[in-house]
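One structure below.
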Amino acid sequence: FFFAFLGIIASAQTPLSPSNHTPGISLRRLLLLLLAASANWSNRIGSSGICHLGTVFKLAMQNNSDYQAAPPVEGVAGGGTGYGWNDTSSKSDPVGRVIDSNMQSTADVLHVWCMPSTATIGHQEQPRPLEQMTMLVARNERESTQIALRPKVSWTGNGIAGCIKIDCTDLCSSSGHKLDVGSYVTIRRVVPILGVPDALVPLKLPAGRVNLLPGETSALWISVDVPASQPPGLYEGEIGIVALKADADSAGSYARDYDKEELRKDLQNLLVMVDSLEGRSLSELREGFGAVGSGLRQVIESHLSGGQGENGRMEIDEDACTLLPVRIKLSVTIWDFILPITPSLPAVFGISETVIEDRFGLEHGSDSWYGALDMHFLWLLRYKISPFFCRWGDNMRVLTYTCPWPADHPRADEYYSDPRLAVYAVPYAPILSGTSISKDILRRELEILRSKPHWKKAYFYLWDEPLSLEQYEMIRSMSEEIRLTAADARILTTYYCGPSDSSFAPGSFEAFVKVPSFLRPHTQIFCTSEWVLGSREDLVKDITAELQQENHEEWWTYVCMGPTDPHPNWHLGMRGTQHRAVLWRVWKEGGTGFLYWGMNCYEKAATPGAEIRFRRGLPPGDGVLFYPGQVFNPALTEPVASVRLERLLSGLQDFEYLQLYASQYGRPAAFSLLERTGIYFGPERYTHEHGPIDAMRTEIYRSYHTL
């Protein structure tokens, strides 16, 4: 399979570097060198063969003296310069290269300290004293924290400070219950995007490896997921961090044991990428071969070079080659109450089906297409959101649906009945055609869904931010067709202004407030932009006063592009508490639902591992809350969450805590709690520290147990 893979792509002349501004060697040249190096391989890959391949790759790189690895993320302006990449050829090692032979402990070479999940740990974050980690968490809740790492000295060469190994034990209680590492306890490496720590790349547990750069702080993201059935109590475990020696004296003691199955999988993934390029345009071929080259480089660096971490398969004689570990005690107190399985707040988040189709080369309606959408749906349910897939049409008309299968398919009932799903979007047009609606198809779908207990979750999202009376008329027309069969159907409409050609002054707040009078009875969920409110919370009463709650009209909110700093949003580079405060704001203002337009809306790409480009004209990170796993490792088949997505989840869980407190003592008492603990006063005044968050959660728990 290896030689077949080489033969397929050896004729490619496209440069290895995926970036136009970065010179690189050709795929053909590198692959031929690898082919020559591997000619003597037998069924078993020996350590000498690995060394030889690594040497060939390094020689190929040296023959391109200007070569440097291109960052896999391109910015809004197309620069692609802020991924935190280290150009070792031009930077001197500020902490030295030789480890003191008297150093015997990891603490002698590495600063280790703990930080809360709301902290943004940049490259220049300075060390703090190490304290033990404690978490307070309810059942059916995820809580996260961080470990920061900064080298004191370099203990290896090759431009890195050194390689560390992270071990983690199960969390066990005195009564014999436990939370298994890997299943309920996870560790991910925080990878910068445009220089901002954001992507959470999984480590292989119970022991993962990470390379650290000299003079830079890195971070690990530790999450504990507590099932609803987990018995409460104190659970304890330990995280060990150990520096792996790789100085000149000990380098010869490495015993490299390459995992051939991992190599086979990685190369097969690249082979699939090459096969998917057949018949593509020249520009797509260039992009595709650039991604293949990047993937091949990752395979070589991860599997065929000594001293690699994180994704490497290097096995080490640890008695000879490790320092004494730094051990961090992890104590998790599981409270004896359960957050609702069905979220109290319907939080609907869009996933672009066309982005998935383009990046993964999927034919619309194929088995692999269904499989990809199903994987995304199930993965996102872990974040307590109600995902919908979307396809944009002309003039902001949008096709949205939660389930890709028709209502009479067995999977449809499985989707809609899932208790983790608060609401679901029903498609107005047939998903597989996207053409004009067939009245018979719509009628049949609605008749089936209305007969189900889950029909109360259903809604239609037909048009995004209508701007004119003509577009309002289109919404009314579609709504009338739906309501002929389902008079109780709910239609959701997003807006940030009134119709520009109405009798009200264009862009006026009065025109915005009067939107319900234009859309009634053809919209039941009026979803307004938080940008309109600015810092004026008092305007909420003007909006809700126009609604007819007796007719089941609801007020939801959304963020898109705006509001901007200092208001809460999920833009890249905002504070951690600013990300979490999006849902604090929703709770305080009293919205009964929340919408976010897109989670994977980066620029079009033709291969899974292609670099990520944020859409031009949008604030960095807007519309992107997770990344394709293949960008970071060809073997990653699930998406990679962003730090912002994890903070979104924390905000939704805070919402549940506040709902619980308000159900016991009333909303005014909950308002008072927000202000008394200093968490949230308004969209421009909220805590920048993590302490008030734990104080609020603890007080809510204690109040729950005094009843």
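Since the structure is predicted, the reported quantities are computational estimates derived from the model, not experimental observations.
Contact check on E480 versus R483 returns no salt bridge, with no Lys/Arg side-chain nitrogen under 4.0 Å from an Asp/Glu carboxylate oxygen. By the 4.0 Å N-to-carboxylate-O rule, R382 lies close enough to E638 to be salt-bridged with it. Salt bridge status for R188 with E646: present, with a side-chain N to carboxylate O gap under 4.0 Å. Under 4.0 Å is where a charged nitrogen must lie from a carboxylate oxygen, and between E603 and R615 no such pair does. Using a cut-off of 4.0 Å between Lys/Arg side-chain N and Asp/Glu carboxylate O, R697 and E656 are scored as not salt-bridged.
For the pair W570/Q578, no side-chain contact is recorded, criterion being any heavy-atom separation below 4.5 Å from C-beta on. Y627 is listed as a side-chain neighbour of D198, based on a closest heavy-atom distance under 4.5 Å. With a 4.5 Å cut-off on side-chain heavy atoms, I222 and T186 do not count as touching. Taking 4.5 Å as the limit, every side-chain heavy atom of T493 sits out of range of all side-chain heavy atoms of I525. Between H690 and I693 the shortest side-chain heavy-atom distance falls below 4.5 Å. Counting only heavy atoms from C-beta outward, the side chains of F349 and W597 never approach each other to under 4.5 Å.
Judged purely by distance below 3.5 Å, without hydrogens or angles, the side chains of E141 and Y657 pair a donor atom with an acceptor atom. No side-chain N or O of E530 forms a donor-acceptor pair with one of H567 less than 3.5 Å apart. Side-chain contact of Q524 with H552: a donor-acceptor pair under 3.5 Å is absent, judged by distance alone. Side-chain polar atoms of D654 and W587 form no donor-acceptor pair below 3.5 angstrom.
Here Y661 and Y665 bring their ring centres to under 6.0 angstrom of each other. Y495 and F512 have their aromatic ring centers within a separation under 6.0 angstrom. Separation of the Y424 and H454 ring centroids falls under the 6.0 Å cut-off.
Ring planes of Y415 and F377: parallel class, angle under 30° (limits at 30 and 60°).
Of the listed residues (F460, Y401, Y461), just one forms a ring-ring contact (aromatic ring centres under 6.0 Å, His included) with F388, and that residue is Y461. Applying the ring-ring contact (aromatic ring centres under 6.0 Å, His included) test between H376 and each of Y383, W369, F626, F389 identifies F626 as the sole match.
In W531, the CH2 atom is not crowded: 12 or fewer heavy atoms of neighbouring residues, nucleotides or ligands sit closer than 6.0 Å.
Annotation: cation-pi pair R585/Y686 absent, no NZ/CZ under 6.0 Å from the ring centroid and within 45° of its normal.
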